[in-house]
Amino acid sequence: MNESTFARLEAAMERRRAALPVTLRPFTESYGELPRAVILTGARGVGKSTFLLHHSRSRRFLYVSADNPLIGEIPLYDVGERAFVAGYEGIVVDEVHFARDWSKHLKALHDDFPDRVIWVSDSSSLVLRGGAADLSRRFVPITMPLLSFREYLLLRGLTAHAPFDPFESVPITGTPELLRAFREYRRGGTRPFFGEGHFIERLLAIVEKTLHSDVPFFVPRITDGNIRLMNAIVGTLAKASIPRLQVRSLCADWSIGADKLYQLLFVMESVGVVRIVRKARDTKAHTAGEKLFFGDPPLYHALGGEPGTEREALTAAMIGEAGRTLFATGDERAGDFVVDGTITIEIGGAKKPRKAADFVVRDDTDVASGTTLPLWSLGFLY
């Protein structure tokens, strides 16, 4: 790497640091000192770059993005070595899967410079599987979830609340301000850039880039037909009143084998485009799940989806992104979902009956009462 290219990378890093937001999402601020080697994963646009830049702000770190054309042909090892020899104590590498043979280079940098810090990010946890080198023993994985409703309120400058478990108690009530904010959140507040405007347009652009740029890295021999099929799946989910895919029909219509379709779905889930909800005892390696939702619920609003499906998708997202387990019951009489293997919940509108579930989670409800939980309360899990 020549001196001119290195100087341009340094200047780009300083510009990024200068542009860091004043108010950070609580997930970012909740971490103290990070380990020496970290792989941060999460969907595009959730704030991974901000997270790493924030934690490196008071230290001598070089930030690079592996999809930057400045370093497109430069081995990642050479970039790291040049930074370390120049006196940097650490490097931050965004979108690491764009670097050729990235896992081998990370392993070599980690081992050859044992006193230096290496933090990397990517849009999918599959990077830990896809690398030729074993990085799981060297790099600590951290997953950044979508923005919670609680975090959204804080970034909006509205009333701050501590996280709570609504299945134990709901210590707050739904004020008019909170209910208005929840309506806005579910339409366009699940990623920190909501305050910059044009949320829906940016979200749709993220989905397009994810399907065209990220998925091909993890699916061998992907074709243009496969990408069109994934776009068709997105269109199908947007309009489906029952969140399921007809696998046989899709395979026939697109002349694709079931194994390939399941592989595409698995990667689409891994990069955050879809969320597959399985039955508790579904141990099949290839499955479309009992229910299939968008990974980011505002897509239903963007694409004119069914309100009932959006409600269930939002529930699945708020619980799943909090790190809680969620399965489909498989029996509508018992409820819609099972949380943490023991709590059954039914999802619906303001007058939805509980059926045989432990809780009914109702939309358009301002307060919790007994076994009735307002949908917005799930947004305070983290």
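- By the side-chain contact (heavy atoms from CB on, under 4.5 Å) test, His110 pairs with Arg36, Ala37, Ile118, Arg138, Phe139, sequence neighbours left out.
- Inter-residue side-chain proximity for Asp112 and Phe84 is flagged as unmet; no heavy-atom pair is nearer than 4.5 Å.
- Ionic pairing of Glu81 and Arg116 is not present here: no N-O contact between side-chain nitrogen and carboxylate oxygen is shorter than 4.0 angstrom.
- The closest side-chain heavy-atom distance from Leu303 to Leu204 is below 4.5 Å.
- A 6.0 Å sphere centred on CZ of Arg183 holds no more than 12 heavy atoms belonging to other residues, nucleotides or ligands.
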When the side chains of residues 350-360 are checked against the rest of the protein, which donor-acceptor pairs come out under 3.5 Å, sequence neighbours left out?
| from | atom 1 | to | atom 2 | distance (Å) |
| --- | --- | --- | --- | --- |
| Lys352 | NZ | Glu346 | OE2 | 3.2 |
| Arg354 | NE | Thr371 | OG1 | 3.2 |
| Arg354 | NH1 | Ala357 | O | 2.7 |
| Lys355 | NZ | Glu332 | O | 3.3 |
| Lys355 | NZ | Glu346 | OE2 | 3.3 |
| Asp358 | OD2 | Thr344 | N | 2.9 |
| Asp358 | OD2 | Thr344 | OG1 | 3.2 |

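- Ring planes of Phe217 and Phe98: perpendicular class, angle over 60° (limits at 30 and 60°).
- Using a cutoff of 4.0 Å between basic side-chain nitrogens and carboxylate oxygens, Glu290 and Arg244 are scored as salt-bridged.
- The side-chain hydrogen bond (donor to acceptor under 3.5 Å, both in side chains) check on Glu269 picks up Arg278, with sequence neighbours excluded.
- No hydrogens or angles considered: nothing links the side chains of Asn68 and Ser65 as a donor-acceptor pair under 3.5 Å.
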Output a table of donor-acceptor pairs, distance under 3.5 Å, between side-chain atoms of residues 6-16 and any protein atom two or more places apart or on a different chain; print 'none' if there are none.
| from | atom 1 | to | atom 2 | distance (Å) |
| --- | --- | --- | --- | --- |
| Glu10 | OE2 | Tyr88 | OH | 2.5 |

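- You'll find the side chain of Phe164 stays beyond 4.5 Å of the side chain of Arg150, heavy atoms only.
- Between Arg156 and Glu177 there is no salt bridge, since no side-chain nitrogen of the basic residue lies less than 4.0 Å from a carboxylate oxygen of the acidic one.
- Arg25 places a side-chain N or O within 3.5 Å of a backbone atom of Val46 that can act as its donor or acceptor partner.
- Side-chain atoms of Phe199 and Glu184, non-hydrogen and from C-beta on, never get closer than 4.5 Å to each other.
- Using cut-offs of 30° and 60° on the angle between ring planes, the pair Phe51 and Phe27 is tilted.
- Aromatic ring orientation, Tyr152 versus Tyr185: tilted (interplanar angle from 30° to 60°).
- Each of Phe149, Trp376, Phe380 was checked for a ring-ring contact (aromatic ring centres under 6.0 Å, His included) with Phe182, and the lone residue meeting it is Phe149.
- Using cut-offs of 30° and 60° on the angle between ring planes, the pair Trp119 and His55 is perpendicular.
- Listed by first and then second residue, the salt bridge (Lys or Arg N to Asp or Glu O under 4.0 Å) pairs that reach into residues 222-240 come to none, sequence neighbours excluded.
- Looking at Val247 and Tyr262, their side chains come closer than 4.5 Å, going by heavy atoms from C-beta outward.
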How far apart are the C-alpha atoms of His212 and Asn231, what are their side-chain angles, what is the distance that settles it, and do they pass the side-chain contact (heavy atoms from CB on, under 4.5 Å) test?
-> CA-CA 10 Å; His212 285 79; Asn231 280 306; 3.9 Å; yes
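- Applying the side-chain contact (heavy atoms from CB on, under 4.5 Å) test to Arg100 and every residue at least two apart in sequence or in another chain returns Glu73.
- For Arg44 and Glu95, the salt-bridge test passes: some basic side-chain N is under 4.0 Å from an acidic carboxylate O.
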